[in-house]
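For reference, the structure is listed below as structure tokens.
Numbers here are sequence positions counted from 1.
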Amino acid sequence: MAASTPLSFAVRRCEPELVAPAKATPHELRQLSDIDRQLYIQFQSPNYNLYAHNPSMQGKDPVKVIKEAIAQTLVYYYPFAGRIRQGPDNKVIVECTGEGVLFIEADADATVEQFGDPIPSPFPCFEELLYNVPGSEGIHNTPLLSFQVRHRTSLTKFIQSFIVNCF
């Protein structure tokens, strides 16, 4: 079996921004369970989704659509727009601040099709497609979600990658 040539491409990213809930949300503290205090279950989980072309979305910018959807979703799931804090007695708390989640618009000079079909696992070049914003690597005092959307990876598909702080 011949070795495949690694895919090489450039990613251009806009400045990270916060996407806040579309409407005002309660400012409150939500204490998590004692199980959530265990350090071995506190980690960041990187993920990615590939989306095929949908004819009903013709002419719509996936970045704008996703940002608006996130803002609307955060109204109902507002703790995700908050921050994890360390409370008294080492308790883990979500402070529902309404600050929002990290969002990065990006462009890559590669197409989804260049990754192959089916796309191999583990996903090639994953590190290039998921950007860790400096200062967001930790669990505490950082956004609970981070989205990066590559909108020009092809005319038929786009990639959404995200990081979730897990407890």
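Judged by distance alone, with hydrogens and angles left aside, the side-chain atoms of Asp61 form a donor-acceptor pair with the main-chain N or O of Val63 at under 3.5 Å.
Looking at Glu105 and Lys67, no side-chain N of the basic residue comes within less than 4.0 Å of a carboxylate O on the acidic one, giving no salt bridge.
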side-chain contact (heavy atoms from CB on, under 4.5 Å) evaluation trace for Val101 with Leu18: CA-CA 5 Å; Val101 300; Leu18 289 173; over 6 Å; no
Verdict with reasoning, Tyr78 to Arg30, per side-chain contact (heavy atoms from CB on, under 4.5 Å): CA-CA 11 Å; Tyr78 62 90; Arg30 297 264 178 129; 2.7 Å; yes
Trace of the side-chain contact (heavy atoms from CB on, under 4.5 Å) decision for Cys96 with His27: CA-CA 5 Å; Cys96 301; His27 187 280; 5.9 Å; no
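Applying the side chain to side chain contact (heavy atoms under 4.5 Å, CB included) criterion to Glu68, with sequence neighbours excluded, gives Lys64. Residues forming a side chain to side chain contact (heavy atoms under 4.5 Å, CB included) with Pro21 (at least two apart in sequence, or on another chain): Thr25, Leu74, Val75, Ala81.
Here the closest heavy-atom approach between residue Ala20 and residue Gly98 is recorded as CB-O, 3.7 Å. The minimum heavy-atom distance linking Pro16 with Leu102 is given by the pair CB-CD2, 4.1 Å.
One finds the NZ atom of Lys23 at 6.5 Å from the CD atom of Gln72 (value rounded to the nearest 0.5 Å). Taking OG1 of Thr73 as the start and CZ of Phe80 as the end, the distance is 11.0 Å to the nearest 0.5 Å. Rounded to the nearest 0.5 angstrom, Glu95 CD and Arg85 CZ are separated by 4.5 Å.
Linking ILVMFWY residues whenever their side-chain heavy atoms come closer than 4.5 Å, directly or via other members, leaves Ile93 and Tyr77 in distinct clusters. Under the 4.5 Å side-chain heavy-atom criterion for Ile, Leu, Val, Met, Phe, Trp and Tyr, Leu29 and Ile84 are members of distinct hydrophobic clusters.
If you check the side chains of Thr97 and Glu99, you find a donor sitting under 3.5 Å from an acceptor.
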